[in-house]
Amino acid sequence: MNGPSAVQAPVGTHDVLAPDSARWQFLIATFADWARRYDFSLIINPLFEDVAVFNRGIGEASEMATKEMYVFSDRGGRTLALRPEGTASVVRAFVQHRPATPYKAWYVTPAFRYERPQKGRYRQHHQLGVEALGTDDPSLDVEVVSLAWRFYAALGLTRVRLLINSMGHPECRGAYVAVLTDYLAAHEAEICDEHRPTWRTNPLRVLDCKKDACVALTTVGPMLIEHLCHECATHFAQVRSGLAAIGIASELNPRLVRGFDYYTRTTFEFVSDALESAQNAVGGGGRYDTLVEQLGGPPTSGIGFGSGIERLLLVLEAEGVTVPVASLDAFVVDTCDEDATSPLVDELRRAGLSVGRAYDARSMKAQMKAADRSGARYALLVGPREQAAGEVTMRDLRGDQSAGQVTLSRDAVVAHVTDLVKKRL
RNA sequence: GUGGGCGUAGCUCAGUUGGUUAGAGCGCCAGGUUGUGGUCCUGGAGGUCGCGGGUUCGACCCCCGUCGCUCACCCCA
């Protein structure tokens, strides 16, 4: 390597190649299927937005907005940001296009945050999620949560738990924050070293703190769940009973406070007991009944959830879930006539089969080796003998040790192999 | 943003107190078998030992810097 030094992916990003990419396909296809069953349509948003979309959405006081966003100026002087999460863009698109409500959309997208990478945390990670706008019916909260729940189950995960809480709406939360502020002010000396100087900026963050000092303090302090107004308390009760009615166990966690300012009422998080690290959250979400207005739309309720693909893959591995890997149906081995290979391969592919072949006119032994490594079910051999007789030799590569082979006429081979493959499905 | 660990072949890793041409397994290519994979045998290709500087007669090894990877804190998915 005397040429230019090799380039590599930026810090905190990663490439996904086969065979790992098969697990991504499985995740995305499974999620798309469940989103379809729940009547969600696909939405595709830009990866970058006017920075105001995210600032107004996730809150200027949040860590993500202040320290973690990829903000840049384009050549036209616009201040843009790479999306750090999925919700704000969907809501922005809703405000801009005003689809009929209820509007239910699913997405899969990269998300960008400038953080130090570690296990399960990247500067570009990927999320699957849904958003549902246009009603605050608790049945919709139940649907969004259960979609996530059923999706995790469909992946084969058994150790995911649902934590749930209610953030109230702005009025009852505001009243609670006043109570909490008084409480924290009276016990300021007991707050952990990190939050003592900053707790007034966002008192709710103290609830989220994992340090012993803050945990001890807030466990006995006032809880938001106890200060909900009648409407919010009723709504939350309906969500929980709705989940129970379809057999989904939700654990009330009054300390659950998620990182974005836009959340109201129902807030939830899925954690995996299979992950021991601090990155045990595989997904989360909640209701955001003021976000549409903050982005300039009419008063519109919304709820959504997002799940990190990289996190899900960690959990799949931790739980020992294996993912089906598609292999080739056939591999064409041709030592005779390169010009005859392409039509045969083409016919097989048009018949719906996945077909591999060798290149560079390699020896039959080399091509057979390639056929074996490709995982193909059948090898289709065309040598001078078959060529002269108008035949193809079909060899079963995955049968018993004594795999047999048969000779077929060239005209019948495509239909024959197609039948065999379809019978196995 | 803070702190720890690690960078040797495509991959996983050896490499003695600092001493000549840096090794293994797997993978890859070819041959053994001039028409047959998965087992076996033989051979081959592939490395500026992350990069730069320093110490030394001599550095993969020691020192400094740098880049990268990784783990944890923080935050989150």
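Residue numbering restarts at 1 for every chain, and letters A, B, ... go by the order of the sequence lines. Excluded from the calculations below are hydrogen atoms, water molecules and symmetry mates; all remaining heavy atoms, backbone and side chain alike, are included. Fair warning: this is a prediction, and the values are worked out from it, not measured in the lab.
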Opposite nucleotide pairing with [N], Watson-Crick or G-U, both atom distances under 3.5 Å:
N: B:rG65; answer: B:rC51
N: B:rC57; answer: B:rG19
N: B:rU34; answer: none
N: B:rC74; answer: none
N: B:rA24; answer: B:rU12

Using whole Å, what does the distance between atom [atom2] of nucleotide [N] and atom [atom1] of [X] come to?
X: A:Asp372; N: B:rG35; atom1: CG; atom2: C1'; value: 17 Å
X: A:Leu17; N: B:rG10; atom1: CG; atom2: C1'; value: 12 Å
X: A:Arg123; N: B:rC76; atom1: CZ; atom2: P; value: 17 Å
X: A:Leu204; N: B:rC75; atom1: CG; atom2: C1'; value: 16 Å
X: A:Met364; N: B:rG35; atom1: CE; atom2: C1'; value: 5 Å
X: A:Tyr122; N: B:rC71; atom1: OH; atom2: C1'; value: 12 Å
X: A:Gln8; N: B:rC67; atom1: CD; atom2: C1'; value: 8 Å
X: A:Asp334; N: B:rG35; atom1: CG; atom2: P; value: 14 Å

Expressed as a whole number of Å, how far does the [atom1] atom of [N] sit from that of [M]?
N: B:rG58; M: B:rG19; atom1: P; result: 14 Å
N: B:rG1; M: B:rA9; atom1: C1'; result: 37 Å
N: B:rC62; M: B:rU55; atom1: C1'; result: 8 Å
N: B:rU48; M: B:rC41; atom1: C1'; result: 35 Å
N: B:rA22; M: B:rG18; atom1: C1'; result: 15 Å
N: B:rU12; M: B:rU70; atom1: P; result: 12 Å
N: B:rG38; M: B:rG31; atom1: P; result: 13 Å
N: B:rC60; M: B:rG23; atom1: C1'; result: 12 Å

What about [X], does its side chain sit under 3.5 Å from the base of [N] through a donor-acceptor pair?
X: A:Arg385; N: B:rG35; result: yes
X: A:Arg205; N: B:rC75; result: no
X: A:Gln118; N: B:rC74; result: yes
X: A:Arg398; N: B:rG38; result: no
X: A:Gln405; N: B:rG37; result: no
X: A:Glu115; N: B:rA77; result: yes

Distance-only, no hydrogens or angles: does the [X] side chain make a donor-acceptor pair with backbone N or O of [Y] under 3.5 Å?
X: A:Glu269; Y: A:Ala281; answer: no
X: A:Tyr183; Y: A:Leu217; answer: yes
X: A:Ser301; Y: A:Asp289; answer: no
X: A:Arg56; Y: A:Gln294; answer: yes
X: A:Arg349; Y: A:Val355; answer: yes
X: A:Glu85; Y: A:Thr87; answer: yes

(message) Strictly below 4.0 Å, N to O, side chains only: are A:Asp33 and A:Arg37 in salt-bridge contact?
(response) yes

(request) Using a strict cut-off of less than 4.0 Å between a Lys/Arg side-chain nitrogen and an Asp/Glu carboxylate oxygen, indicate whether A:Asp334 and A:Arg362 qualify as a salt bridge. (result) no

(message) Looking at every heavy atom in both A:Gln127 and A:Gly86, which two are closest together, and how far apart are they?
(response) OE1-N, 4.3 Å

(message) Please give me the minimum heavy-atom distance between A:Ala330 and A:Leu380, naming the atom from each residue.
(response) CB-CD1, 4.2 Å

(message) Here's a test of your reading of the structure: between A:Phe270 and A:Tyr114, which maps to the more 5' nucleotide of RNA chain B?
(response) A:Tyr114

(message) For A:Thr13 and A:Ser307, find the nucleotide of RNA chain B closest to each by heavy atoms; which residue's nucleotide sits nearer the 5' end?
(response) A:Thr13

Using a heavy-atom cut-off of 4.0 Å across all strands, would you classify [X] as base, sugar-phosphate, or nothing?
X: A:Gly283; answer: sugar-phosphate
X: A:Glu386; answer: base
X: A:Val11; answer: sugar-phosphate
X: A:Glu85; answer: nothing

So if I take every side-chain heavy atom of [X] and compare against [options], which nucleotide ends up nearest?
X: A:His125; options: B:rA77, B:rU2, B:rU36; result: B:rA77
X: A:Arg116; options: B:rC71, B:rU36, B:rA77; result: B:rC71
X: A:Arg395; options: B:rG38, B:rC76, B:rG3; result: B:rG38
X: A:Arg121; options: B:rC75, B:rG35, B:rC71; result: B:rC75
X: A:Leu381; options: B:rU36, B:rA72, B:rA77; result: B:rU36

(message) Cation-pi check for A:Phe236 against A:Arg265: NZ or CZ below 6.0 Å from the six-membered ring centre and within 45 degrees of the axis, yes or no?
(response) no

Hey, what are the protein-to-nucleotides 26-33 of chain B N/O distances that come in under 3.5 Å?
from: B:rC28; atom 1: OP1; to: A:Arg373; atom 2: NE; distance (Å): 3.0
from: B:rC28; atom 1: OP1; to: A:Arg373; atom 2: NH1; distance (Å): 2.8
from: B:rC29; atom 1: OP1; to: A:Arg362; atom 2: NH1; distance (Å): 3.4
from: B:rC29; atom 1: OP1; to: A:Arg362; atom 2: NH2; distance (Å): 3.1
from: B:rC29; atom 1: OP2; to: A:Arg373; atom 2: NH2; distance (Å): 3.4
from: B:rC29; atom 1: O3'; to: A:Arg362; atom 2: NH1; distance (Å): 3.4
from: B:rA30; atom 1: OP1; to: A:Arg362; atom 2: NH1; distance (Å): 3.2
from: B:rA30; atom 1: OP2; to: A:Arg362; atom 2: NH1; distance (Å): 3.4
from: B:rG32; atom 1: O6; to: A:Lys365; atom 2: NZ; distance (Å): 3.1

